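Shown next, in C-alpha cells, is the structure this report addresses.
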Amino acid sequence: DIGNMANSIMLICLLPLAAALADVHNFHGCINVSLPYCDTSLSHEARAADLLSRLSLKESIQLLSPTKPPYCAVHTRPLPDIGMPNYRWLTEVNSAVDAPCLDKDRCPTSFIGPTGHAASFNRTAWWMKGDVVSTDMRILNNLQSGGIDPVGLTGYGPNINTVKDPRYGRNSELPGEDPYLTGQYASAYIQGMQQSQLGYQKMIAYVKHYTAYSVETNRFSFKANVTQFDFWDSYLPQYETAFVLGNASGAMCSYFSPNGVDCCGNKWLLTDVMRTKWNRPDSVVMSDCSAVANMIKTGYASGKEDASAKAINAGMDVYGGWGDNLWGQGYLAKAVEQGLTNETMIKAAVRRTFLHKLKVGLFDPLENQPYVNLDIDDMNTTYAQEVAYEAALQSFVLLQNKNDTLPLTTGKNIAVVGPFAIDASLYKSDYNGAGIPPDMPSIADAITEANQGGMVSSSQGVSETGNNASGIAAAVEMVKGADITILCLGISKTTEHEGIDRNDTLLPGIQESFAHQVIAAAKGPVVLVTVSGGILSVDTLIDSVHAYVDAFNPYQQGPKALADTLFGVHNRFGKLPVTIYPANYSSQFAIQDMEFAKAPGRSYRYYTGTPLFSFGYGLSYTTFSYSCTMKQVGSGYQLTCDIKNTGMREGDEVLQVYHSVSDEIKKEADHPVPLRRLIQFERVSLSKGADNSVSMTFPQSALELVTTDGTKKLYSGTHGITITNGNNDQPPVALHIEI
C-alpha cells in the first residue's frame, strides 16, 4: 500500500516521477520532435525508413554500440537532434528481472530456478511467470530513477541451451536436458512476456545463449566440432520451437565457436537458420559480452576490423562488450573503409533494432498505451507472490519415500541439519539484482513455522565446500534425539556458476561424510533434501535415507513451499527434467565432447547405463490409475487418457508421451536413433477419488528422426508410442507407417 510507505526515501523519489507518467518515461523518444519516424499514422516500416534516411554511418554505429563501461548492458548513445534517446539493451530475465528493488517491499518477483520450474511440466505456470516478469519489467521501465540504472524493455531470457553435461557450470540456468520440454518451456514463458494489448507488446524477449553453449572453463576461446545431426537433434530444436511457436524476438549469440565459426559471426546460424528457415527476418541478435572481440582469440578473426565485419555480416545487431567496445571505438567504421563490410549491413541492423523499440511504444505518445501506468503498487503483488509460490510447489520432485515417511505430521521433534538448512543465500539459481530478501526464510525457518505444536532444532554441521568438521558433533548429537531428521545438502553458486564447471557430480567438501554420520546417529527417519542446479550423484546415500526430495534452486518462495509440501499441506510434485546419473558417469566423457549419442550416451535419449533416477521420474503422496486410447486425426494423432486419483489425498500427475522406433528402422538408419523422445505431456490435478479425461495431440512430424545431414525423415515401419507417468509405462502402442 503506497500510503503505508510514505516515509520511504525511495518512494519520495518515485512519486514525482509516477505523477509525471504522462510526460516522459525512461528511454522514450520523439519528445518535442515532430519527424515522420515519430508519426504513428505511418507503418512501422515507413517510420524505420525515415529514421534510417537521417542517420550518418557514425550515428548508425552509435545506435548499435555501448558507451558505458564495462559495456555489457549496452547503453547506446542518444541523438538529441532527432529525438532519439539513449537506451539500455541488456536486462536479464531468466528467473526474475535482474534489477534492484524500488523499495524494501517492492522488489522484482523472484522465481525458483529454471530447472525446478521445468520440472512442473506445466505450460500455464510458465506463461504466468512471463506475465509477472513482464509486469515487473514495465514497472521498472516506468519508474526507475534517482541514480538507479533504469531498465529498457528488452529482456534476455530464457536461457534454453540443452543440459548436455551434468558438470556444466550454468546448468542451474537451464530448463533441462530435453529439447522438446525446453522448447515448450521457452515458448510459454516468451508468450507470457510478449503478450500485447492495443497493438503494443508488454516487452521484448530474447533467448540465450544461441547455441550449443555448454562449457564454461576457457569459454572465451572454446571451439569444437558439432555435426549437423547434433545441431538439429539436440542443440537447435528448442530454439526452433522458441522462434516458431513462441515468437521469440531474437537471441544473444554465445561465445562458442562450432566448427571454427564463432556463433556471433556465424551467418548460417544467425541469418540462414534463424531469420530465413525459421521465418523470423526481423530478429535482433546481441552478442554475449566480448563475444566479438573473442573471435580473435578463437582464431576466427584476424583482427579487430575483421571481427567487427564478420559479426555485422553474419547478422549480429547489437555489440555487447566486457571492457571492449570494438564498434564504438571505430573498428566497424574502419571495416567499412577497408571494404570488409558496408553501410547497408549496418543500416539493416539499425532497422531491426528500431522496429523492436516501436513494438513496445518507445516512440509513440503515452496516453493510449496500455502498460505505461503500471506503478510501484503493481510490483510484488499478492498475485505475483502466489504465482511464484505455486511455481515452487510444482518444482519439487519426490524421488524416494520408503514406508510413506512423507508427508510429515506436525508436533514432532525435528532436526534440520546440513549446510543448506539455515543459509537462505545459497538457494538462488542465477541473475537477481534485488539480492536476498531480508525476510526470506531458510528451510529450517520454514519448517519451524510449519511444525505447529512441535520443536525444531537446526545446525549447519559443515559448510558447502570446506573441510572444517568442528560442527559435526553438535549436529550428530541433535539428530540423536529427533523424531525426524531433515538433511539439507547441495551446491550453490560457490560451486557452479558462470565461468567455472564442476569436476564431477559429487557433493563437495565433506558433506557426504557428514551425511553418513548423521544417518548413522539419527533416532528416526532421515529425509534428504538436495538444493542444486546441476545434478548431484548421491549414490552412497540413497539406500540409507527414508525419503528424498530434489528441491533444485528454491529461492524466495521455495522454503515455505517446501515446508508446506513436506507436511502434506500440498501434494504438487513435479517430474525430473534431467537424468540423475551415477557418480562414475562424468569420468566417461570429456565435458568438451559435443556428441550426444557417443557411448554411454548423453541424456535419457541416448544413455544406455542405469541412472540413479530417470528423466521424467517423480513420485506423489497419492496414487493414480490411467488408461489411454489413440486415434489418427487428420495428419496427426489424438490420445485420450482416462486418469483417476486412487489414493487418499489430492495430487498432481504428469502424463508423458514418448516416441521410439522398431529394431528394423534402427537397422535401416545410418545415423544415431534415440532410445525414445518426449513428444507431448500434460499435467493434471485431481482431488481424492476424482477422475478426468485428458486429451493430447501430436502431428505425424513428431515421428520423424533427424538424419546425418540434419534433415528429418519419417521412416516406414513400426513406431512405438509410450504413455507414462514417469514411473510406470503403459505398453507401447504400435503405429505402422507406410511411406
Side-chain angles (χ1 to χ4, degrees), residues 114 118 123 126-127 130 156-164 174-194 204-214 226-254 256 258-259 261 263-264 266-285 314-316 577 594 596 603 605 635-636 657 659 671-672 674 677-681 697-714:
R123 296 175 180 89
W126 303 332
W127 187 95
Y156 285 80
N159 183 342
I160 58 171
N161 286 306
T162 313
V163 172
K164 178 198 74 176
L174 306 179
E177 70 181 37
D178 182 73
Y180 178 80
L181 178 65
T182 297
Q184 295 296 309
Y185 169 86
S187 295
Y189 183 28
I190 291 165
Q191 287 168 0
M193 285 190 284
Q194 293 193 155
I204 305 288
Y206 305 96
V207 291
K208 53 184 288 198
H209 304 86
Y210 184 66
T211 183
Y213 184 54
S214 59
V226 181
T227 65
Q228 284 294 303
F229 171 81
D230 278 305
F231 264 128
W232 290 104
D233 186 65
S234 298
Y235 296 120
L236 288 175
Q238 66 273 32
Y239 283 99
E240 181 172 13
T241 304
F243 279 98
V244 175
L245 178 63
N247 288 319
S249 292
M252 175 183 285
C253 53
S254 77
F256 180 46
N259 307 316
V261 182
C263 285
C264 289
N266 195 314
K267 180 180 177 294
W268 177 70
L269 284 172
L270 303 189
T271 299
D272 299 343
V273 173
M274 182 193 302
R275 294 197 175 105
T276 304
K277 185 177 179 64
W278 296 339
N279 194 29
R280 300 291 288 170
D282 295 328
S283 294
V284 166
V285 179
M316 200 193 87
M594 303 299 290
F596 265 74
S603 85
R605 292 175 298 134
S635 60
V657 184
H659 168 242
H671 54 80
R677 295 182 301 118
L678 182 70
I679 60 172
Q680 188 55 278
F681 60 84
T697 62
F698 59 90
Q700 191 174 69
S701 60
L703 310 181
E704 295 174 346
L705 298 179
V706 176
T707 65
T708 302
D709 64 2
T711 58
K712 292 182 179 180
K713 178 178 178 180
L714 180 62

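Just so we're clear, the structure is a prediction, and the values are computed from it rather than from any experiment.
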To the nearest 0.5 angstrom, please state how far the [atom1] atom of [X] sits from the [atom2] atom of [Y].
X	Y	atom1	atom2	value
Asn266	Tyr210	CG	OH	8.0 Å
Cys264	Met252	SG	CE	8.5 Å
Met274	Lys267	CE	NZ	13.0 Å
Leu678	Ser603	CG	OG	11.5 Å
Lys277	Asp272	NZ	CG	10.5 Å
Lys208	Tyr213	NZ	OH	9.0 Å

Taking side-chain hydrogen bond (donor to acceptor under 3.5 Å, both in side chains) as the test, write out the residues that go with [X], two or more places apart.
X	value
Asp709	Thr707, Thr711
Asn247	Arg280
Ser249	Gln194

Between [X] and [Y], which heavy-atom pair has the shortest distance, and what is it?
X	Y	result
Gly250	Ser283	CA-CB, 4.0 Å
Pro158	Ile190	CD-CG1, 4.0 Å
Thr162	Ser234	OG1-O, 2.6 Å
Leu705	His659	CD2-CE1, 4.1 Å
Tyr185	Pro114	OH-CB, 3.9 Å
Gly157	Met193	O-CE, 3.6 Å

Counterpart residues, side-chain contact (heavy atoms from CB on, under 4.5 Å), relative to [X] (two or more places apart):
X	answer
Pro237	Pro179
Thr697	Gln638
Thr182	Ile160, Pro175, Gln238

Original post:
How would you list all residue pairs meeting salt bridge (Lys or Arg N to Asp or Glu O under 4.0 Å) that involve residues 243-252, not counting sequence neighbours?
Top reply: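 Non-adjacent pairs meeting salt bridge (Lys or Arg N to Asp or Glu O under 4.0 Å): zero.
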Original post:
How would you list all residue pairs meeting salt bridge (Lys or Arg N to Asp or Glu O under 4.0 Å) that involve residues 232-250, not counting sequence neighbours?
Top reply: Asp233-Arg605
[Y] backbone acceptor or donor facing [X] side chain under 3.5 Å:
X	Y	result
Asn159	Leu174	no
Tyr180	Ile679	yes
Thr211	Leu236	no
Ser187	Thr241	yes

My understanding is that only residues two or more places apart in sequence, or in another chain, count here; which of them pass ring pair (Phe, Tyr, Trp, His ring centres under 6.0 Å) with [X]?
X	result
Tyr156	Tyr206
Phe231	Trp268
Trp127	none

**OP:** Quick one: do Phe243 and Val273 satisfy side-chain contact (heavy atoms from CB on, under 4.5 Å)? Show the steps, please.
**Re:** CA-CA 11 Å; Phe243 279 98; Val273 173; over 6 Å; no
Any [X] side-chain heavy atom under 4.5 Å of [Y] side chain:
X	Y	value
Gln700	Leu714	yes
Leu245	Gln184	yes
His671	Val706	no

Original post:
Centroid-to-centroid, Trp126 to Tyr189, below 6.0 Å?
Top reply: no
**OP:** Measure from NZ or CZ of Arg123 to the centre of the six-membered ring of Phe681, then state whether that distance is under 6.0 Å and the direction lies within 45° of the axis.
**Re:**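 The answer is yes, since Arg123 meets both limits relative to Phe681.
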Subject >> Distance-only polar pair, side chains of Tyr239 and Asn161, donor-acceptor under 3.5 Å >> reply: yes
**OP:** With sequence neighbours excluded, tell me which residues meet salt bridge (charged side-chain N to carboxylate O under 4.0 Å, His left out) with Lys712.
**Re:**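 Not a single residue meets the salt bridge (charged side-chain N to carboxylate O under 4.0 Å, His left out) criterion with Lys712.
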**OP:** Kindly confirm or rule out an SG-SG distance below 2.5 Å between Cys263 and Cys253.
**Re:** no
**OP:** Start with the C-alpha distance between Val285 and Arg275, add both sets of side-chain angles, then the distance that settles side-chain contact (heavy atoms from CB on, under 4.5 Å), and finish with yes or no.
**Re:** CA-CA 10 Å; Val285 179; Arg275 294 197 175 105; 3.7 Å; yes
